[in-house]
Novice: 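First the structure, which I've put down as structure tokens, then a few questions once you've had a look.
Residues take their numbers from the sequence shown, with the count starting at 1. If you're wondering where the values come from, they're calculated on a predicted model, not measured in any experiment. These numbers come from the heavy atoms of this one structure, side chains and all, not from hydrogens, waters or symmetry mates.
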Amino acid sequence: MALTYIRSLRNVNFHEAIQIGGCRTFAVGGKKKGGKGGAAGDGPKASTISKEVKASTVVGANILKDGADPKVLPDSEYPDWLWHLLDKRPALSELRRKNLESLPYDDLKRFVKLDTRARIKENNSVRAKN
């Protein structure tokens with residue numbers, strides 16, 4: 001079946017078929033200026049925003065169509081937990097070395113979470129081998 005279909009396609013003149021049936025075309029962009037590659041115009045452009053505006057606003061944080069970029073506030077205006085988001089948290093191996101009874105609640109909760117995750121991964125790998 002497929003072989004006869006391929007044989008019938010050999011006899012079709014595609015140039016005539018396109019002219020008869022029409023051809024879908026797409027819009028073409030303007031010609032690029034410059035020589036080969038066109039990489040000269042694709043590079044990063046210098047920022048047109050002044051340094052004062054960059055220092056006083058969060059440029060690019062606006063998600064609204066008609067909104068404006070938010071202003072940078074002094075550090076005292078932000079909540080305390082914000083400054084601890086990027087603190088390093090102890091790994092499972094560090095938590096295993098410590099005495100569990102002397103761990104603070106947050107570290108103990110993290111230990112339980114990481115230990116449970118490690119045991120699940122180990123059980124899954126053992127089951128996959130069988």
Novice: Considering only residues two or more places apart or on different chains, which pairs with a residue in residues 111-120 satisfy salt bridge (Lys or Arg N to Asp or Glu O under 4.0 Å)?
Specialist: R96-D115, D115-R119
Novice: On a heavy-atom basis, which atom in L95 and which in L114 lie closest, and how many Å separate them?
Specialist: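 Here L95 and L114 meet closest at CD1-CD1, 4.5 Å.
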Novice: Quick one: closest heavy-atom pair of D107 and P90, and the distance?
Specialist: OD1-CG, 3.9 Å
Novice: Answer with yes or no whether the hydrophobic clustering places L86 together with W83; edges join I, L, V, M, F, W, Y residues whose side-chain heavy atoms lie under 4.5 Å apart.
Specialist: no
Novice: Are Y105 and W81 co-members of a hydrophobic cluster defined by side-chain heavy atoms under 4.5 Å apart?
Specialist: no
Novice: Any side-chain heavy-atom pair from D69 and N62 closer than 4.5 angstrom?
Specialist: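 With C-beta onward as the side chain, the pair touches.
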Novice: State whether the number of non-hydrogen atoms from other residues, nucleotides or ligands found under 6.0 Å of I63 atom CD1 is greater than 12.
Specialist: no
Novice: Are there more than 12 heavy atoms of other residues, nucleotides or ligands under 6.0 Å from atom CG of N99?
Specialist: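 Count over threshold, so yes.
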Novice: With clusters defined by side-chain heavy atoms of hydrophobic residues (ILVMFWY) lying less than 4.5 Å apart, directly or transitively, does L73 cluster with L85?
Specialist: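 Same hydrophobic cluster.
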Novice: OG/S125 to NZ/K129 distance, rounded to the nearest 0.5 angstrom?
Specialist: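 Those atoms lie 5.5 Å apart.
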Novice: Distance from L103 atom CG to F111 atom CZ, nearest 0.5 Å?
Specialist: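 Spacing of CG (L103) from CZ (F111) equals 8.0 Å.
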Novice: With sequence neighbours left out, what residues match P74 under side-chain contact (heavy atoms from CB on, under 4.5 Å)?
Specialist: S76, E77
